[in-house]
Amino acid sequence: MPLKLNTLYLSDFISSHELDYMAPALASAHKLLEDKTGPGNDFLGWLSLGNSNPPDELARMKESTRWIQDNCDILVVIGIGGSYLGAKAALDFLRSPNYNALPKSTPDIIFVGNTLSPDALNESLALCKGKRVCLNVISKSGTTTEAALAFRVFRALMVEQYGKEGAKDRIFCTTDAARGSLKSLADTKGYPTFVIPDDVGGRFSLFTPVGLLPIAVAGCDIDAILSACTAAQKTFASLDLEQNPAYKYAAIRNLLHRKGRMIEVLVSYEPALTMLGEWYKQLYGESEGKDGKGLYPSSMCFSTDLHSLGQFVQEGSNILFETVLQIAKPQADFFLAPDSENFDGLNFLADQNLSAVNQKAFLGTLLAHLEGGVPNMVIEIDDRSEKSFGELIFFFEKACAVSGYLLGVNPFDQPGVEAYKKNMFALLGKPGFESAKKELEDKLLKLSSAQ
């Protein structure tokens, strides 16, 4: 079953003629993408990644995958933002959030370099103690603070454990084709490298070696993912909203935003989709949150979060809408047998599969939230297969690009991300930031004195 967008539950919030009125704006956004004439047009390589990854690069990646699977117990993936969120989302979606703890024939995979926490770093090092380790460091520049710091630490561990020659075979760099400190280091040391294309930004890079190498090491079929992406490229190119759920989704979220809905909550009923929510938040947060505009992207896992945030969704500030991810078939169902004592009173749930109970929780929640005035649309996919994953990721990417153009922003830059970095560099005393350091320290002193 291909991906479907169910909009039956929006009739009280959006009229059909409103979608018709969006047609000219959608056609304009579509043209900007297809003709590559819109803002950020230097970063549209993701549009064709399903069939544009170089065959020789894919072949080398698969060869490295087999070597890693045969020669290591833990693959340490070093990266932050788009350099790790997509791969982690894929691992959870296609395998399990408990992937490392479950019996398997593939290596454990841990993700580091996405925080500056000393506790997190020490724990990651402890996990590697006594294990055969490989590194996959992901960075276009090689100087992103969080990832570069982690790489420095783990590279020293590799040299200590395997020597310089031995480490050379166990460090895989995903980076720029020709520039940057990481590329220079890899060439000098002889580390295998894979290319992040110049025309693909980090949050759109899942279908490049950034995501494909860790996904392949986990035993997932990257050919099936790319094939699904290629099919989706055609499906989500139509201007007919009944044939193109990605454009319809983009139009609806913009209409709801214009009606005062400031927050979109991506909802799932499977813990395996929690990290997909984290990937979605970066995709839409960095793409749309600029020039004083943009929906705030949030995510929840039900029914878990119904016991913490459900009250706010039902009766809180009327500023959000929900986009629900529904999976038709679980990877393995669980039959609920009756209990002769029925001490918990749950025999009314017996003699059926748990997936049926989960489905009723979805429907009950949907009806309650609609009654509470919360718009809902539902993205329906068949299963947690590579095919479904490839289609779903491209759906969100294509919708995000169009949605950004509808909003009147450049969906492919992220100038605001640099603000915290400049302050952090100054406070840490990085060369070249001396004047800013004094200014920031004075501001901090003034703030602390005011208290």
Show your working on side-chain contact (heavy atoms from CB on, under 4.5 Å) between Glu146 and Val112 and close with a plain yes or no.
CA-CA 9 Å; Glu146 294 87 346; Val112 305; over 6 Å; no
Judged by modelled atom types alone, do Asn318 and Arg261 share a side-chain donor-acceptor pair under 3.5 Å?
yes
When you compare the side chains of Asn254 and Ser403, does any donor N or O come within less than 3.5 Å of an acceptor on the partner?
yes
Just by distance, do the side chain of Lys290 and the backbone of Asn410 share a donor-acceptor pair under 3.5 Å?
yes
Ignoring hydrogens and angles, tell me if any N or O in the side chain of Tyr296 forms a donor-acceptor pair with the backbone of Glu264 under 3.5 Å.
no
Okay, side chain of Asn342, backbone of Leu346: is any donor-acceptor separation there less than 3.5 Å?
yes
When you compare the side chain of Thr323 with that of Tyr249, does any pair of heavy atoms fall below 4.5 Å?
yes
Salt bridge (Lys or Arg N to Asp or Glu O under 4.0 Å) partner of Arg203, chosen from Glu286, Glu278, Glu288:
Glu286
What's the separation between atom CD in Glu322 and atom CG in Leu256, rounded to the nearest 0.5 Å?
11.5 Å
After noting the C-alpha distance and the side-chain angles of Ile78 and Tyr84, does the key distance pass the side-chain contact (heavy atoms from CB on, under 4.5 Å) rule?
CA-CA 7 Å; Ile78 303 174; Tyr84 97 98; over 6 Å; no
Does Asn6 use its side chain to pair, donor to acceptor, with the backbone of Val378 at less than 3.5 Å?
no
Could you give the distance from CD (Glu397) to SG (Cys229), rounded to the nearest 0.5 Å?
7.0 Å
Taking Glu270 for its side chain and Ile327 for its backbone only, find out whether a donor-acceptor pair lies under 3.5 Å.
no
Interatomic distance, Ser64 atom OG to Asn71 atom CG [nearest 0.5 angstrom]
11.0 Å
Apply side chain to side chain donor-acceptor pair (under 3.5 Å) to residues Asn136 and Thr174 and explain how you reach the verdict.
CA-CA 7 Å; Asn136 176 209; Thr174 306; 3.1 Å; yes
Between Gln233 and Leu47, is there a side-chain heavy-atom distance shorter than 4.5 Å?
no
Side chains of Trp67 and Asp169, heavy atoms from C-beta outward: is any pair under 4.5 Å?
yes
Compare every heavy atom of Cys134 with every heavy atom of Cys72, then report the nearest pair and how far apart it is.
CB-SG, 3.6 Å
State whether a side-chain donor-acceptor pair under 3.5 Å links Asn51 with Thr230.
no
Six-ring centre of Phe321, Arg253 cation under 6.0 angstrom, axis tolerance 45°
no
Applying salt bridge (charged side-chain N to carboxylate O under 4.0 Å, His left out) to Lys438 and Glu441, what does each step give before you reach the verdict?
CA-CA 5 Å; Lys438 181 64 168 65; Glu441 287 176 341; over 6 Å; no
Test item: Phe236 and Pro245 side chains (from C-beta on) under 4.5 Å apart, heavy atoms:
yes
Could you walk me through whether Ile393 and Leu276 pass the side-chain contact (heavy atoms from CB on, under 4.5 Å) test, one step at a time?
CA-CA 9 Å; Ile393 293 299; Leu276 184 71; 3.7 Å; yes
Does NZ belonging to Lys443 count more than 12 external heavy atoms closer than 6.0 Å?
no
When rounded to the nearest 0.5 Å, the distance separating CG of Leu266 from OG of Ser298 is 9.0 Å
Would you say the side chain of Leu427 lies within less than 4.5 Å of the side chain of Leu444, judging by non-hydrogen atoms?
yes
Using a 4.5 Å cut-off on heavy atoms from C-beta on, say whether the side chain of Thr65 contacts that of Leu213.
yes
What pair of heavy atoms forms the shortest contact from Leu3 to Glu391, and how long is it?
N-OE1, 3.2 Å
Hey, what do you get for CG (Leu127) to CG (Asp108), rounding to the nearest 0.5 Å?
8.5 Å
In the structure I gave you, are the side-chain heavy atoms of Ile381 and Gln326 within less than 4.5 Å of one another anywhere?
no
What heavy-atom pair brings Gly113 and Ala150 nearest, and what distance separates the two atoms?
CA-CB, 3.6 Å
Would you say Asn100's side chain and Ile109's backbone share a donor-acceptor pair under 3.5 angstrom?
yes
Would you call the rings of Tyr405 and Phe412 parallel, tilted or perpendicular, where under 30° means parallel and over 60° means perpendicular?
perpendicular
Angle class for the Phe93/Phe389 ring planes (parallel below 30°, perpendicular above 60°, tilted otherwise)?
tilted
Step through the shown structure and confirm whether more than 12 heavy atoms of other residues, nucleotides or ligands are within 6.0 Å of CZ on Phe343.
no
Would you find more than 12 non-hydrogen atoms of other residues, nucleotides or ligands less than 6.0 Å from Lys422 atom NZ?
no
Are the side chain of Thr175 and the backbone of Leu182 linked by a donor-acceptor contact shorter than 3.5 Å?
no
When you check the gap from the basic side-chain N to the acidic O, do Arg60 and Asp56 get nearer than 4.0 Å?
no
Taking the side chain as every heavy atom from C-beta outward, state whether Thr106 and Val217 have any pair of such atoms under 4.5 Å apart.
no
Would Leu58 and Leu212 count as a side-chain contact (heavy atoms from CB on, under 4.5 Å) if you check the C-alpha gap in whole Å, the side-chain angles of each, and the deciding distance to 0.1 Å?
CA-CA 9 Å; Leu58 288 173; Leu212 295 177; 4.1 Å; yes
Between Lys168 (side chain) and Gly190 (backbone), is there a donor-acceptor pair under 3.5 Å?
no
Is it true that the side chains of Ser388 and Asp382 contain a donor and an acceptor less than 3.5 Å apart?
no
Please determine if Asp70 and Arg66 form a salt bridge, counting it only when a charged side-chain N lies under 4.0 Å from a carboxylate O.
no
Does any N or O in the side chain of Asp221 come within less than 3.5 Å of the main-chain N or O of Asp223, such that one atom is a donor and the other an acceptor?
yes
With rounding to the nearest 0.5 angstrom, report the CD1 to CD distance, Ile222 to Glu386.
10.5 Å
Do Lys104's NZ or CZ and the ring of Tyr99 fall within the cation-pi criteria of under 6.0 Å and 45°?
yes
Candidates Arg170, Arg132, Lys131 - the one meeting salt bridge (Lys or Arg N to Asp or Glu O under 4.0 Å) with Asp73:
Arg132
Crowded around Glu434 CD? As in, over 12 foreign heavy atoms under 6.0 Å?
yes
Is the Phe394 ring parallel, tilted or perpendicular to the Trp46 ring (thresholds 30°, 60°)?
tilted
Verdict with supporting geometry, Ser355 and Asn353, side chain to side chain donor-acceptor pair (under 3.5 Å):
CA-CA 5 Å; Ser355 62; Asn353 287 326; 4.9 Å; no
Is it true that a side-chain atom of Ser124 and a backbone atom of Ala120 form a donor plus acceptor pair closer than 3.5 Å?
yes
Under a 4.0 Å threshold between the charged nitrogen and the carboxylate oxygen, would Asp187 count as salt-bridged to Lys183?
yes
Would you tell me whether Gln331 and Arg384 have side-chain atoms, one donor and one acceptor, within less than 3.5 Å of each other?
yes
Side chains of Ser141 and Asp176: is there a donor and an acceptor less than 3.5 Å apart?
no
Which heavy atom of Gln352 sits nearest a heavy atom of Phe348, and at what distance?
NE2-O, 4.1 Å
Counting neighbours of CD on Gln359 that are heavy atoms of other residues, nucleotides or ligands and sit closer than 6.0 Å, is the number greater than 12?
yes
